[in-house]
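Chain letters run A, B, ... following the sequence lines, proteins first, then strands; residues in each count from 1. Only a predicted model underlies this, so the values are computations on that prediction, with no experimental measurement involved.
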Number of protein chains: 2
Amino acid sequence: MSRVVAERRDVIAMLAEIFREHGYDGASLSLITEKTGLGKGSLYHFFPRGKEEMAEAVLGDIAAWFRTHIFDALRNTENAEQALEVMFAAVDSYFRQGRRLCLMGVIAASGAHDRFARELNGYFSDWRADLAVTLERNGTPRAECAALAEEIIGGIQGALILARSLDDPGAFGRVLARLQTRCLPYREKRDTSG
Amino acid sequence: MSRVVAERRDVIAMLAEIFREHGYDGASLSLITEKTGLGKGSLYHFFPRGKEEMAEAVLGDIAAWFRTHIFDALRNTENAEQALEVMFAAVDSYFRQGRRLCLMGVIAASGAHDRFARELNGYFSDWRADLAVTLERNGTPRAECAALAEEIIGGIQGALILARSLDDPGAFGRVLARLQTRCLPYREKRDTSG
DNA sequence: AAAGCATTGTACCGATCGGTAAACAATTTA
DNA sequence: TAAATTGTTTACCGATCGGTACAATGCTTT
C-alpha cells in the first residue's frame, strides 16, 4: 500500500503546520505520525536523518516560497510602490490575517535556534536586503532604508506574537497597515525643513 | 544539608534564564537540575506541580517586574515624555540590548502557549493599555494611541526575534530607537494639511 | 509473470521524559 | 534537648522520546 500520500512536498506542508503549532521540541514523532497519518517507516524514508531533516526541509520550503513570492517580487516589480503593496498583501495572506505564526520566528524563539541559525539568518537578511533596495526605489532616503526594512520585518514578527498572545488576530492586520504607511515616500510624511 | 540556594526567588531567576534559552519544551528537568544545581527533590519541594508551576512562577515574576518597573512608571510619571523615556531605557536594559529574549514571546511562540494564555494575554494587554494612555498624555491623537501602542509592543517582540536571528543584537537597539521616535508628538512628525 | 524499487507497518532499541517515594540531614521551634 | 519543619539525596516509576531493523506490500518496468 504505497502512495497514500501524493508527494514529499505534501508531507512537508503538513510538517510545517505541525512545527508552527507545537514548536520544534513540542513536535514529537508520535505527534507527527498521528497528524500526518504516516508511520515512522515512511517518515524516515523521506527524511533519513529524522526530525532535524524534517525541519530543514520545511524551512527550506518556506525560504523558497518567500524567495519566489516576495523577494523576487520586490526585486522584479518595476513600480516600487506596487512591489511593496504586493509584499504586504502576500504577507497578510501567508500569515492568514494573523492566525498563523511564522515558523522562522518560532524556531528563532526556541531552544533549537542555534541548530538552524544559517536558515534563520538567510531568511531575515535576504528579506531585509531586498526590502531595503525597494524602499530606496520608492523614495525613502538611502540612509534610512536599512533601518526601516528592519523595523518592518521585525514588526511583522512581533505583530504575529502579539496577535497570538492577545488572542486577537486583528492586531496583526492593524500593525501591518501601520507598517505599510511607513513605506510612503518620506516627503509625504514629514516636513523637510529643519 | 538544606539551604544550598538562598531563596525560592533565586531559583526562579535561574529558571527564567533556562526557559528563555531553551523554551518550555526544551527545558527538561535534567537540564534544570543541572543548571540550577538542585535535585528533583528540591525542585518539587519548591514547585510541587512540577515544570508547569515553575513556568507559572517565572511568568508571574516577570509580570510583576514589568508592573513595578514599567507599567507603574508609565502611569505614575507626571511628565509623559519622561515616562516614555523611562520605558524605552528600561526595556533596552531588561533585554540586555537585544541579547536576551522575552520569555512571554518565547512561550507565545511555543506549543505551550495555550497553557499560559492568561499570563500572556494579561502581560500584553496591560502593557498596551498603560502605554496607550501615556501616549495620549504625550500628545498622540486619541484615535491613534491604541494602534501605536500595539505597534511599539509588537515591534519590541519582533526586534528581539530579529536580533537573535540575524545574530546581531544591535538590530534591537536600532529598531527600539525608531519606535521611540514614533512617540514624538504627532504634530512634529507630519504636516497636518490634507 | 518476474524483478526491482518505492513505500509502509510493526516491533523494538536504549535513552530520556516528567514525576513520585521515602529516608535523611539541617534548621527552626518549643 | 526533643520535636517539627524545611530542604536534599537517591533510587525508582511508567510513559514517551528519537531512531533502527526488517519484513511485507504496492507499483513500475521489463
How many whole angstroms separate atom CG of B:Leu29 from atom P of D:dT8? 16 Å
Hey, is the main chain of A:Leu74 close enough, under 3.5 Å, to the side chain of A:Arg137 for a donor-acceptor pair? yes
How many whole angstroms separate atom NZ of A:Lys40 from atom P of C:dC13? 13 Å
Indicate, yes or no, whether a donor-acceptor pair under 3.5 Å links the base of C:dG19 to the side chain of B:Lys51. no
Flag the pair B:Tyr24 / B:Val58 as yes when at least one side-chain heavy-atom distance between them is below 4.5 Å, and no otherwise. no
Counting only side-chain nitrogens and oxygens, does A:Ser30 get under 4.0 Å of the OP1 or OP2 atom of D:dG18? no
Would you find more than 12 non-hydrogen atoms of other residues, nucleotides or ligands less than 6.0 Å from A:Arg49 atom CZ? yes
Could you check how far CD of B:Glu34 sits from P of C:dG18, rounded to whole Å? 13 Å
Between A:Cys102 and A:Phe66, is there a side-chain heavy-atom distance shorter than 4.5 Å? no
First encountered from the 5' end of DNA chain D, between A:Pro48 and A:Leu31: A:Leu31
Take atom NE2 of B:His45 and atom C1' of C:dA26, then tell me their distance rounded to the nearest Å. 12 Å
By nearest atom, which of the nucleotides D:dG19, C:dG18, D:dT9 is closest to the B:Ser42 side chain? D:dT9
Counting only side-chain N and O atoms of B:Ser28, is one of them less than 4.0 Å from OP1 or OP2 of C:dC17? yes
Between C:dC17 (P) and B:His22 (NE2): distance, integer Å: 12 Å
Contact class for B:Gly41 (heavy atom, under 4.0 Å): base, sugar-phosphate, or nothing? base
Nucleotide C:dC5, atom P - distance to CZ of A:Phe46 in whole Å: 18 Å
Should the pair A:Arg118-A:Glu56 be classified as a salt bridge under the 4.0 Å nitrogen-to-oxygen rule? no
Euclidean distance, atom CE of residue A:Met54 to atom C1' of D:dG18 [Å, nearest integer]: 9 Å
Just how far, in rounded Å, is C1' of C:dT7 from OH of A:Tyr44? 17 Å
